[in-house]
Structure formats: structure tokens, C-alpha cells
Amino acid sequence: MSENLVIVESPAKGKTIQKYLGNGFEVLASYGHVRDLIPKEGAVDTENGYAMRYEIIDRNQKHVDAIARALKKADNLYLATDPDREGEAISWHLYELLKERGALEGKNVQRVVFHEITKRAVQEAIENPRELATDLVDAQQARRALDYLVGFNLSPLLWRKIKPSLSAGRVQSPALRLIVEREDEIERFVRQEYWTMTAQNAKDEQAFTARLHTLDSHKLDQFDINNEARASEVRERLLKAANGKLLVSKVDKKQRKRYPAPPFTTSTLQQEAVRKLRFSTQRAMRVAQQLYEGIDLGSGPIGLITYMRTDSVTLANEAIGELRGLIEQRYGQDKLPETPNFYKTKSKNAQEAHEAVRPTSAFRTPEQVKSHLNEEQFKLYELIWKRTVACQMVFATLDTVSADLTAEAGSFFRASGSTIRDPGFLLVYEEGQDDRASEKESTLPLLVEGDSVTLQDIAAEQHFTEPPPRYSEASLVKTLEEFGIGRPSTYASIISTLLAREYVELESRRFTPTDIGRIVTRFLTEHFTQYVDYDFTANLENELDEISRGEKEWVPVMDAFWQPFHKLVDDKMESVNRSDVLQSREIGIDPASGKPVSVRLGRFGPMVQIGTKDDEEKPVFAGLRPGMKLDTVTLEEALELFKLPRQLGETEDGKAISTNIGRFGAYVKFGDQFASLKKEDDPHTITLERALELIAEKKIKDAEKILVDFGNGIQILKGRWGPYINKVVKRVKLQIRLPKDREPDSMTLEECEALIAVAAEAKSAKKGAKKAKEAAAKPDGEATADAAEKPKAAKAAKPKAAPKKAPAKKPAAKKPAAKKATATKTTAPKKSAS
């Protein structure tokens, strides 16, 4: 029997902590959150103090049961989930569930917190427990309620006004707006031409360059030389004046100091992992979690880094002492500053009780642990270790030289160079850079005023100004942090949500908004301006932080948000027409029919339309090809789409061959059969010969799958999960698995037909139910033009199902949940400072 039960979030962490606590302790995992809001209307009762209705998360039911059983044998319960709001909320939810079951009677319940999983930290936490912090729980519940109310009210509005299956989030929407506005800025950008003049010189057999700095006593502006004629005129004039020599008219020598970057926060760790390791933010956090929870180094698991969700750059005094000892031992006394380096946290809401992300022991070097880590764990640990060690080293000292080289009176070139006098912290680590050139300067020969250098040539180079770069994961995280949008623990999930919803695409490690992403952003920016405003989002985050510190009550904050928000949603549901939101863009006239050609978003994705719904003949439609954008597609590109399907010829047995694009991509059709095109094939250019190759491959593949052919369209085929009956009934493909006790060659035609009849009936019933749901979800009086627009080459697949119904104006809990759910306000056992 264990007298003490300790609850952590993950089993990996549990194994590490169990090793440190030993006999008398049992460590179990909650496997993350144990309960969540019921996924339906009424989960947050806005009429009754925002009481929330929770239910146990299905996958964690067995873990809660295991904890309850173990608690019967224990006297003390230690809630040791993560040291942040989410961790506090997980402990509180588990406390509430156990209290409902009566499992806490006679038990001593304590909250313990540690920021690193080392023996000392874990044992100190157990010796110094506290009570659950109500303020942190209130802040987390307020955030969860806000996100729920935005999602359950704004998302259905998007379903009606744009297309089904969309979502809007309180934090994700401003993040998407950043990406869309950057793309708009890029598209509006007008390139400007400019030229640079670079002297190519030599002195003492050392080549170096110098940039034209001043011309005719005027310091050059970027656009002073903006065409080839002017560049050629300046070049010829200066070459003639210099006559092969430039005079060293001024030499300026200085010493410059470069200071190390502070230790990692969550944000800077993600940024550097993206830049230096080419990780995604999500991957960086996943690997950091593994390093924090514990790695087996031969004598059992041990946590290698401190808690990785933090916005603090503070280091514990013990850690600083260890780092200084390592630096002196490994790099020498001269690389150690007289006093420790201290860093100030930029975020005013940083939790200073947390530490920066650092190794739990600086003496545990990357080389020592490499054999116990996989490749990505080693890379991230090495990055964290180097950054932490470097932050406590002396600054780097650089000698910089700047020399003016005169060609004629009032006109000179300037050469700059630098050398490292003392590398200091650069021995260990140099911070990565995003969207700007690295500081790399050439080394100059010895230059003395009055000397002359050989001018070999003057290079005139043409340049064009560049638009601002698209956001990378690193620069997006940095911008979100600067605006105060979200918090360190949310950046990775914001990015993954935008990608999962197909609001953005990641091309060459840069974010590009999709058509649907741009339409959603424009809709929200026009109709919900305040709620996607960067300052508004940041101020709301600040209020949540104030709740967590006990400076504000959470219900008034909820009221201030909810009351105007739900009124605006109700108004937009009635006043905004779908056709206004989707705003088609006319791009020209079809020369064949004389009808207007326009582009817009349809139910099946981005599409081109020839004609209008008011014409006598129905409009014709074609889906955009991958890579084509609604805002940039031209008339010529659009008309090309209507050349599909292309007739290519016939097979040997006389079946017509054509090529087209369907819901699932490009294909070749031969008779009533289909063969998918490969990635390298283009339906607009594919030849008959290539189509026949694909058809032959398809026939071979199909023949290998046929186990039994009854000769009337009924076959038994070999599938990934075993043999199945295949039959097309009224253009619907039915695939029915064989009974477990039957082999394919033992099945009769009659048995197969009986199974097909049952499956067809079930399919028909399911289809009828789906149509009923779609009819119920369709708003009254809206245009139904989309029903006839199924494009010839639709890019997006048809949504799985329309929403069940629009939410009520006020999400009140009217009906009991199907599962056992609890309505509760935030009442923790006792209030305590965090």
C-alpha cells in the first residue's frame, strides 16, 4: 500500500518522478485534461454567471477510474500537474471529479509545483506543498469559456455565409489576419529600380570592395541612381577621374561589443528551432516536452531541461552558479564576466516564478548525453545548452574599420570591415536571424590616410526593391509575441489550426493564405472589426493575466466581452447576405459567348463562372487548378479551364479517352472507367500515348485485385483490410466486407446479391438522413445558385455534412447532456497565491 499518491500529466514524466520519490509513493498520469466542456450548445450558461457544463473526456475515463481506485489505498493526494494555468486547471478538474465520487473524504489533498524534473526539485516540491490556486483556475476557465463562445457563435455564421466546416477562433483569427494583410501588402507592392556602384580594389595583394557613398558632396540615397544610363555615366566618369587609383582620405577605427542573447523563452526557443534546426513550432514543442519529462541516461529517466512553457528569462541562482563554474572550467577565467549577466523579461505579464528554458544541469553536456538521445532530441538539447551557457559569458569584442576612398573631389567610396578581437560568448553560440542578412563583413588590408589603393574596376549592379517577406513560422511567432496575441503555450496550436483548416499553406517554409483564408479574414475584418483587432486581442490577454494574479474577477470580464459580441453575431446572421460576402470578381468577357467571366468561391471550392444566373442559359463553371488564386487569376488562365474535358482518342477496343479534373484530382477516363494522373501529369497537356500508359497500369493493378468475377459487375476484390464485394448501384460504389468465416471462392452469386441489397438499403437511408440535415441547416430566403454550380474541375471536395442547425441567440443549457455532465462555477478548495 502506498501512503502517497502523486498525479502528473504524462506517463513519461511519471516514471521519472517515481524514481526520485521511491517507496511509499505511487505516481499515476492523468494523460492531460480529464474533462472538458460538453461539445454542444449550453456548455457555457451565459444567463447564470457563465456556469460551465463539463463531461469526462472519453479516452481518459479509464485513467480517472485508475486514480480513484489507487486513492482508496492512499492517505495523501499530491496534484503535480504542470506549473501553469492549464496544469492548475487539470488538477482542479481532477479534484472536482474525485470530490463528486466521494473519493476525497478523509484524504489530505495538496498541490505541488516544480519547474524541472530533478531529484532535488521534486523532493523540495513534495516538502513544500500548497493549495489549489483559484485565480489561475479562474483565468483558465475564462479563456476556455471565451474560446467556446467565439467558436460556437462565430463558426456557424461562417457556415451560413461562406461554406460549411469553417471555424473562427478568438486568437487564430487575428493571426490569420496578419498573414492575409502581409499577402495584400506584397500584391500591392510596386518594384522600384536602383543601382549600386562598387569599387573593386587591391592593396598589398589583398582584394577588397567599397561601396559608393557620396557623389558630388551628396550622400547617396537608395534611388539617386535609378537607371542604366545614369549608372553608366557615373561609372565612366569615376573611372576616368580615379585613373586606376583611389586615395585613402579617412580611416576610422573603433571597438564594438556584442552581448549574448538571453536564455530561451518558449517563443525564442520556437523561433531558433525553426531557423537553425528547420523544425516546425509544433515539432520543437513536442521534442522539448520529451526532454522535460525525462530521458533514460542509463540509470533511469531524468529531466534534461526545465519547463518549456515560459515567458521568463530568469535563471535560478543555483543554475547561474553552476553555469559560471562550467564556463571557468571549460572556457577559461577570461570568458567569465566579473558578475553574472541578468536579463529583463520583455513581457509585462511574464510569470517570474518560472525560469527560462535551460538544462537542468549545465555539466550534463550535449556530448555526454548524445548516445541516449535520438537525432532531433540531441539537436534541440544542444541548442538549449549552448544558448544557456553563452548567456552567462563575456561579450564579444570586435575591431571595426571604416575607410573613405576618394575618386574625385566630393565623391568617395566607403569600405567597412571587422575582425574579432575576443570571441567571448561567440565561442559557444550565435543567435539566428530571420528576414535579414547576417552581419558578415570582410577583413580589410592595412589602410593609412594618404595612401592610395589600386582601383581595378567599378561594378554597376542593377537591383529592384523587394516586397516585405511572407511570414515564416519563426517571424510569425515573433510578431504574435510583439502584438501580445496568444501566449507562449498557444503559438504552436495557432499555427497548426490555421494549417489544418486550410486557411494557409506553407510553401518554401513561408505562409501563404488560401482563397478561403482570405475570404474569412475579409468577412471578419469588415463585420467583426473589433474582435480581430490586434490591440483588442492583446488587451483581452492582459485581462486574463490580471485574473490569474487576482487583480480582476473573471465574470465581469466575460460580461464585457459577451454582451456586445452576441448582439453583433445575431445582427450579422440576419443582415449579411452570402452573395455579398463571397463577392465575385469579374475578370473579362468570354470571346466565344460574349458573356462575362467571373471568379468566386463556390460550395465546391474556388471557381470560374461564364455567364450569370439571370441569363436564359445556365452559367457554366470550372474549378481553379492548384496554385491559382481568386485574387490573381487572369482571363486567359480562366478560359483555359474550360478546355476540359479534353478528348485524346480511343483505346484499342474502341473506348473513348478523355482527361479532366474531378473532386479527387486529375484523371483519364476510358469508357466508364478512370485512371488517376500522376503528380507530373497535366490534364491540359497530357498526350494520348501517356494516357494509354496510365490506362495499362490501371488495368494491371485492377486485375491483381480481382479474386472472383461473377461477370455482371459484381466482383470480389482483394483489399487492404481483407477481401470485399464490389458493386456499383445507381452510380454509387458499394464495398461490402465478406463474412469472417467465408473465403472468397466459397461465396455464391446469390449470397453476394443479398449482401449488396442490404448495403444499398442502408446507404439510401443514410443519404436521406443527410439531406434532411442539410435542409434543416439551410437558411430561409438565401440564394440557391450554388446548387447548380458543381464545377467541371472543382479543387475542393464536397463537405462531409452541413451543420446540424444554427445556434440559439443565447446559448443557455436547456436540455440535459446525453452523457453525465456537471454544471459548475469556479470554486476551488481554498484560495491561495500561485
Side-chain angles (χ1 to χ4, degrees), residues 39-41 43-44 146-181 494 496-505 513-533 536-537 561-562 564-584 600-607 630-631 773-774 776-787 789 795-811:
K40 58 181 70 176
E41 296 171 41
V44 179
L146 285 169
D147 291 342
Y148 167 88
L149 290 173
V150 170
F152 261 74
N153 288 273
L154 208 49
S155 297
L157 182 62
L158 298 181
W159 302 345
R160 287 193 175 196
K161 306 305 177 184
I162 301 177
K163 64 177 290 190
S165 302
L166 300 181
S167 74
R170 182 180 59 84
V171 180
Q172 112 196 7
S173 297
L176 176 60
R177 182 185 174 190
L178 281 171
I179 295 170
V180 170
E181 288 183 344
I494 289 171
S496 62
T497 299
L498 292 177
L499 289 166
R501 293 290 179 183
E502 297 184 351
Y503 288 161
V504 299
E505 295 172 339
T514 61
D515 287 326
I516 192 67
R518 298 179 88 150
I519 289 171
V520 168
T521 292
R522 288 167 187 168
F523 171 74
L524 295 177
T525 303
E526 180 180 353
H527 297 286
F528 292 85
T529 310
Q530 176 184 0
Y531 299 99
V532 291
D533 179 77
F536 176 85
T537 306
F561 175 88
W562 169 247
F565 175 74
H566 89 92
K567 289 177 183 177
L568 183 60
V569 171
D570 290 346
D571 173 66
K572 298 302 179 182
M573 190 72 80
E574 301 300 326
S575 63
V576 177
N577 292 323
R578 186 169 185 267
S579 57
D580 295 333
V581 177
L582 298 181
Q583 294 178 359
S584 63
R600 67 182 177 92
L601 183 72
R603 291 179 64 84
F604 298 94
M607 44 163 271
L630 285 173
D631 285 4
K773 287 182 181 179
E774 290 175 345
K778 196 170 186 68
D780 294 335
E782 277 195 1
T784 58
D786 279 338
E789 71 174 28
K795 177 183 175 183
K798 186 176 179 180
K800 292 181 179 177
K804 294 180 180 178
K805 63 175 183 175
K809 293 183 179 180
K810 295 178 181 178

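Because only heavy atoms are used, hydrogens play no part in the values below, and waters and symmetry mates are left out as well, while side chains stay in.
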Euclidean distance, [Y] [atom2] relative to [X] [atom1], rounded to 0.5 Å:
X	Y	atom1	atom2	answer
D570	S575	CG	OG	10.5 Å
L149	R170	CG	CZ	11.0 Å
L176	L498	CG	CG	5.5 Å
S173	D533	OG	CG	13.0 Å
T521	I179	OG1	CD1	8.5 Å

(request) With sequence neighbours left out, write down each residue that passes salt bridge (Lys or Arg N to Asp or Glu O under 4.0 Å) with R518, or none if nothing qualifies. (result) D184, E187, D631

(message) Tell me every residue that passes salt bridge (Lys or Arg N to Asp or Glu O under 4.0 Å) with E502, counting only those two or more places apart in sequence or in another chain.
(response) none

(request) Evaluate the side-chain proximity of F152 to P156: yes if any heavy-atom separation is below 4.5 Å, no if none is. (result) no

(message) Do L146 and F565 make a side-chain contact, defined as non-hydrogen atoms from C-beta onward lying under 4.5 Å apart?
(response)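 No. Closest side-chain heavy atoms not under 4.5 Å.
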
Partners passing side-chain contact (heavy atoms from CB on, under 4.5 Å) against [X] (at least two apart in sequence or in another chain):
X	value
Q530	F536
L568	F528, Y531, K572
S496	Q282, S493
T514	E505, I516

(message) Check the orientation of H527 and F523. Use parallel for under 30°, tilted for 30 to 60°, and perpendicular for over 60°.
(response)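 Plane angle between 30° and 60°, so tilted.
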
Sidechain-backbone polar pair: [X] side chain, [Y] backbone, donor-acceptor under 3.5 Å:
X	Y	result
Y148	A43	yes
D515	P606	no
K161	V576	yes
R600	M607	no

(request) Please report the C-alpha distance between T537 and V532 in whole Å, then the side-chain angles of each, then the deciding distance to 0.1 Å, and finally whether the side-chain contact (heavy atoms from CB on, under 4.5 Å) criterion is met. (result) CA-CA 7 Å; T537 306; V532 291; over 6 Å; no

